[in-house]
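Worksheet: one structure, shown below.
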Amino acid sequence: MCLAVPGQVLSVFEADGARMGKVSFGGVVKDVCLAYLPDISVGDYTIVHVGFALSKIDEATALETLRTFADLGLLDEEFGPPPAPAGAAP
């Protein structure tokens, strides 16, 4: 399944002439193209589909959607299992 998933922008940078960002999806961090959202900044939430940030959303909506996706197991399906906490045995 290929979802549009909300995430929080952790950093903004440029790569190969494109505006990019590190975006956290409930703890899984991915590089995302921010070219369609020139006014988005660190701390904002966005909806991401296939590596492109499509729109800015409010924090409450993003967190509620992430909880719903997690409850349904859709985040594991999209990103794999969540990372183990630091210091946890493999």
Side-chain angles (χ1 to χ4, degrees):
M1 181 180 295
C2 191
L3 297 171
V5 180
Q8 184 178 30
V9 178
L10 301 177
S11 65
V12 176
F13 59 95
E14 186 171 318
D16 298 324
R19 188 167 188 259
M20 302 289 293
K22 296 275 185 197
V23 176
S24 175
F25 303 93
V28 176
V29 177
K30 301 277 187 181
D31 288 347
V32 170
C33 181
L34 303 176
Y36 298 139
L37 301 174
D39 62 340
I40 200 161
S41 59
V42 172
D44 288 341
Y45 285 84
T46 181
I47 293 287
V48 177
H49 183 63
V50 292
F52 290 87
L54 301 178
S55 64
K56 187 175 171 179
I57 62 170
D58 65 89
E59 181 178 7
T61 301
L63 295 178
E64 181 179 340
T65 302
L66 282 170
R67 270 192 302 275
T68 301
F69 284 2
D71 290 346
L72 295 172
L74 297 174
L75 292 178
D76 289 351
E77 186 176 313
E78 189 74 14
F79 299 118

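Just so you know, residue 1 is the first one in the sequence shown, and it goes up from there.
For Phe69, there are no ring-ring contact (aromatic ring centres under 6.0 Å, His included) partners, not counting sequence neighbours. Under the ring-ring contact (aromatic ring centres under 6.0 Å, His included) criterion, Phe52 pairs with Tyr36, sequence neighbours left out.
Residues Leu72 and Val48 fall within the same hydrophobic cluster, defined by Ile, Leu, Val, Met, Phe, Trp and Tyr side chains chained together at heavy-atom separations under 4.5 Å. Tracing side-chain contacts under 4.5 Å through hydrophobic residues (I, L, V, M, F, W, Y), one never reaches Val29 starting from Val9; they form parts of separate clusters. Residues Leu37 and Met20 fall into different hydrophobic clusters, defined by Ile, Leu, Val, Met, Phe, Trp and Tyr side chains chained together at heavy-atom separations under 4.5 Å. Cluster membership for Leu10 and Val5, using ILVMFWY side-chain heavy atoms within less than 4.5 angstrom, is not shared.
When all heavy atoms are compared, the tightest approach of Thr61 to Thr65 is O-OG1, 2.8 Å. Across all non-hydrogen atoms, the minimal contact from Pro6 to Ala62 is CG-O, 3.6 Å.
Side-chain polar atoms of Asp71 and Thr68 form no donor-acceptor pair below 3.5 angstrom.
To the nearest 0.5 Å, atom CG of residue Leu34 and atom NZ of residue Lys22 are 11.5 Å apart. Here the straight-line distance linking atom CG of Leu3 with atom NE2 of His49 works out to 9.0 Å at 0.5 Å rounding.
Judged purely by atom type and a 3.5 angstrom limit, Gln8 has no side-chain atom pairing as donor or acceptor with the backbone of Tyr45. Using a distance-only test at 3.5 Å, with no hydrogens or angles considered, a donor-acceptor pair links the side chain of Thr46 to the main chain of Ser55.
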